[in-house]
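The next block holds one structure in the form of structure tokens; read it before the comments.
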Amino acid sequence: MSSPDRAETAAAGVVPAVSPTDGLAPPMGSRLGDGLARALQRLLVAAFFVYIVAFLLLPSAEVLVGAFRGEHGLTLRYVRELLTQRYATAFANSVELSLVTALIGGVCGLAIAYLAVSPRSPHWLRTAVTSFSGVAANFAGVPLAFAFVSTLGTMGLLTLWLQRMGFDLYATGFSLFSFSGLAVTYLYFQIPLMVIIISPAVQALRREWREAARNLGATPWQYWRYVGLPILMPSTLAAMVLLFGNAFAAYATPYALTSGNIALVPIEIGNVLSGNVMSSPQLGKALALGMIAVMALAMGAYALLQRRISRWQR
Amino acid sequence: MSALRRLLPGWRVWVLGLAGLYFMVPLLATGGFSLWAGGDRYDFSAYETLLQSSDFWDSLGLSVRLALLTILISLALLVPTVYWVQLRAQRLRPLMEFLAVLPFVVPPIALVEGLASVYTGPQWLVGTPDFLVVAYVILALPYTYRALDVGMRSLDIRTLSEAAQSLGANWPTLMLRAILPNLIGTLVGATLLTLAIVMGEFTFANVLLFNTFAVYINYVGQTSGTEAAALSLLSFVMTWLAMAGILITGRRGQVQLGGAR
């Protein structure tokens with residue numbers, strides 16, 4: 001039963017999913033149960049907000065304030081330390097890796113989504129691509145890292161197979177445990193994520209727009225240049241911003257792949273936290289602060305783009 | 001023009017074929033690698049070793065237990081809250097939306113930094129793996145909230161509640177017999193997604209030094225490649241099962257995504 005029907009039957013005075021006799025059964029000891037249940041509900045609602053304050057807002061505030069707290073009052077020392085070689089490199093690496101994988105992942109994901117979910121493609125293909133994307137976008141972290149070690153590591157099956165074909169992958173300068181390897185691995189969850197996010201926008205491209213353009217004499221190129229792409233552009237940008245944030249926050253995948261040897265912001269925070277480097281806890285907070293700032297910018301940009309998009313999706 | 005159009009189907013097949021290759025090869029290689037037993041021998045020894053290892057069962061058991069606790073607490077806190085916002089406090093909706101996005105803005109590694117410095121005690125909480133649940137509920141919040149919000153909105157909670165109450169249903173009856181049965185699909189979806197997220201979660205557990213399933217996979221990976229491959233494949237199958245469950249119980253085409261990067 002779809003929801004509108006349900007609303008109508010309910011409006012007509014028939015309670016769905018509960019047979020009328022059940023609903024009218026004399027409430028046994030209802031007063032007390034009723035009151036208790038209401039009290040419990042109020043308690044849980046209150047508990048939810050307390051929980052959020054205690055375990056989300058308070059720790060976040062601690063990071064934001066702690067980054068400026070020195071031994072003798074407020075200080076900019078730790079935030080300034082972000083500008084030193086080591087941590088500036090970490091930010092540069094993180095941003096670059098996130099940009100590259102967001103861009104490539106975005107373009108590939110858009111192409112796949114267009115080919116798979118546009119009205120002309122067969123239904124089975126659409127189902128197969130969207131459900132596989134759902135799985136692959138969630139297949140990340142440590143297991144993904146080892147899947148790629150099995151494939152493209154120094155002893156990986158694909159590496160060995162290429163070697164037997166006379167092609168030494170690692171001689172080209174590629175390494176799974178370097179920037180390029182991380183990028184290839186990230187794409188395994190970035191592309192499917194793009195497919196999931198952009199599919200609704202691709203499906204919203206109306207067939208009528210294409211037909212109208214053709215009737216007015218537009219070539220396919222002109223249709224894409226003046227109609228298709230301008231409509232898709234905000235959603236594509238917004239989706240890419242999400243991919244950027246998704247890659248920027250990734251910790252498990254690079255940690256498992258490189259054992260924390262490549263300087264990325266999340267990895268550096270982990271190093272400070274686990275005492276792998278000699279540094280103050282405030283530095284960890286300063287790094288986290290920088291990370292939150294980048295993520296806040298990304299989510300802000302996403303929200304702005306989203307507002308433009310709503311114009312085109314009903 | 002016609003030449004291009006004749007080319008197009010081929011182009012379509014090429015792009016999708018290449019993408020398919022990129023996505024299938026790591027899975028096949030992982031499968032192959034997990035069966036490798038040195039030299040030219042292939043067998044199930046990696047799987048056998050795993051199944052006999054008590055660390056495997058311990059870490060798996062721990063992650064499952066943490067996932068169940070997370071699901072329980074998430075639903076207990078969120079179902080009443082989303083219901084209440086929907087029915088009586090619509091003006092709080094923007095606040096809820098904001099709170100549900102916050103876990104994205106504050107990534108796990110930044111949140112664990114804050115949590116670790118705010119909560120240094122008591123030992124019975126901070127010193128046990130159960131402390132992870134505290135963070136996992138926050139991690140699952142965006143997905144659980146979205147699922148419940150969409151689910152309840154499509155139900156027309158208000159009409160349903162008024163109808164039930166005008167027929168004499170008291171509060172427990174209303175919740176247990178009118179609201180919850182209609183939310184089963186939503187609840188199962190949120191549950192499976194949370195399960196998938198927690199089973200794969202590495203950041204919190206690794207930093208706080210608890211031996212969950214993902215931490216165990218990483219540990220195994222440092223010593224035995226074939227066993228790590230077997231575990232990765234197992235992990236992929238679990239993700240696949242969870243997503244299949246969501247597809248079957250949820251709205252068609254609504255594939256959700258979690259976060260354990």
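Source: prediction; values computed, not measured. Labels below follow one simple rule: chain letters A, B, ... track the order of the sequence lines, proteins then strands, and each chain is numbered from 1.
Heavy atoms of A/Leu58 lying under 4.5 Å from chain B belong to its backbone as well as its side chain. Heavy atoms of B/Leu231 lying under 4.5 Å from chain A are absent altogether. Using a 4.5 Å cut-off between heavy atoms, A/Phe148 contacts chain B through its side chain alone, with no backbone atom that close. Proximity to chain B (any heavy atom under 4.5 Å) is shown, for A/Ser199, by neither the backbone nor the side chain. Interface residue A/Leu273: only side-chain heavy atoms are found under 4.5 Å from chain B. With a 4.5 Å cut-off on non-hydrogen atoms, A/Leu125 touches chain B through its side chain but not through its backbone. For B/Tyr22, the parts lying under 4.5 angstrom from a heavy atom of chain A are both the backbone and the side chain. Interface remark: B/Arg88 contributes side-chain atoms only to the contact with chain A (heavy atom separation under 4.5 Å). Contact of A/Ala54 with chain B is made through backbone and side chain together, with heavy-atom distances under 4.5 Å. Residue contact with chain A, scored on non-hydrogen atoms closer than 4.5 Å, is absent for B/Leu208. For A/Leu144, no part lies near chain B; criterion is any non-hydrogen pair under 4.5 Å. For a residue to count as touching a neighbouring chain, one of its non-hydrogen atoms must lie under 4.5 Å from one of that chain's; by this rule B/Leu176 does not touch chain A. Proximity to chain B (any heavy atom under 4.5 Å) is shown, for A/Pro266, by both the backbone and the side chain. Residue contact with chain B, scored on non-hydrogen atoms closer than 4.5 Å, is absent for A/Tyr114. Of the two parts of A/Tyr186, neither the backbone nor the side chain holds a non-hydrogen atom closer than 4.5 Å to a non-hydrogen atom of chain B. Contact of B/Met199 with chain A is not made at all, since no heavy-atom distance falls under 4.5 Å. If you measure heavy-atom distances from A/Val294 to chain B, you find no contacts under 4.5 Å at all. Proximity to chain A is absent for every atom of B/Glu227, based on heavy atoms less than 4.5 angstrom apart.
Options A/Ala147, A/Pro281, A/Cys108, A/Ser150 differ in how many heavy-atom pairs under 4.5 Å they form with chain B, and the most are formed by A/Ser150. When the candidates A/Leu187, A/Leu43, A/Leu297 are compared by the number of heavy-atom contacts under 4.5 Å with chain B, A/Leu187 comes out ahead. By number of non-hydrogen pairs under 4.5 angstrom with chain B, the leading residue of A/Met155, A/Arg38, A/Arg42, A/Lys285 is A/Arg38. Interface check for chain A: of the options B/Val15, B/Val134, B/Leu78, B/Leu18, the most heavy-atom pairs under 4.5 Å are formed by B/Val134. Looking only at heavy-atom pairs under 4.5 Å with chain A, the residue among B/Leu233, B/Val215, B/Val137 that has the most is B/Val137. Most heavy-atom pairs under 4.5 Å with chain B: of the set A/Ile191, A/Leu289, A/Val149, this distinction falls to A/Ile191. Residue with the most contacts toward chain A among B/Asn218, B/Thr239, B/Val118: B/Asn218 (heavy-atom pairs, distance under 4.5 Å).
At distances below 3.5 Å, not a single donor-acceptor pair connects side-chain atoms of B/Ser224 with backbone N or O atoms of B/Val220. For the pair B/Thr226 (side chain) and B/Ala46 (backbone), a donor-acceptor distance under 3.5 Å is absent. A donor-acceptor pair under 3.5 Å is absent between the side-chain atoms of A/Tyr255 and the main chain of A/Ile267, judged by distance alone. Between the side chain of A/Gln190 and the backbone N or O of A/Leu243, at least one donor-acceptor pair lies under 3.5 Å. For A/Thr159 (side chain) and A/Gly153 (main-chain N/O), a donor-acceptor pair under 3.5 Å exists by modelled atom type.
Partner of A/Tyr51 under the ring-ring contact (aromatic ring centres under 6.0 Å, His included) criterion, chosen from A/Phe49, A/Phe55, A/Phe48: A/Phe55. Here the rule is side chain to side chain contact (heavy atoms under 4.5 Å, CB included) with A/Val195, and of A/Ile112, A/Val117, A/Leu110 only A/Ile112 fits it.
Sparse packing is recorded around CH2 of B/Trp240, with 12 or fewer heavy atoms of other residues, nucleotides or ligands lying under 6.0 Å away.
The aromatic rings of B/Phe131 and B/Tyr119 stand perpendicular to each other, their planes meeting at an angle above 60°, with 30° marking the opposite boundary. Using cut-offs of 30° and 60° for the angle between ring planes, the B/Phe236 and A/Phe139 rings count as perpendicular.
Between B/Leu234 and B/Phe213 there is a side-chain heavy-atom pair separated by less than 4.5 Å.
Atom CD1 of B/Ile109 is separated from atom OH of A/Tyr251 by 5.0 Å, given to the nearest 0.5 angstrom. With rounding to the nearest 0.5 angstrom, the CD atom of B/Glu113 is 11.5 Å from the CE atom of A/Met291. Rounding to the nearest 0.5 Å places CG of A/Leu287 at 11.0 Å from CD1 of A/Ile292.
Using a 3.5 Å distance cut-off with no hydrogens or angles, the side chains of B/Ser59 and B/Tyr219 do not pair a donor with an acceptor.
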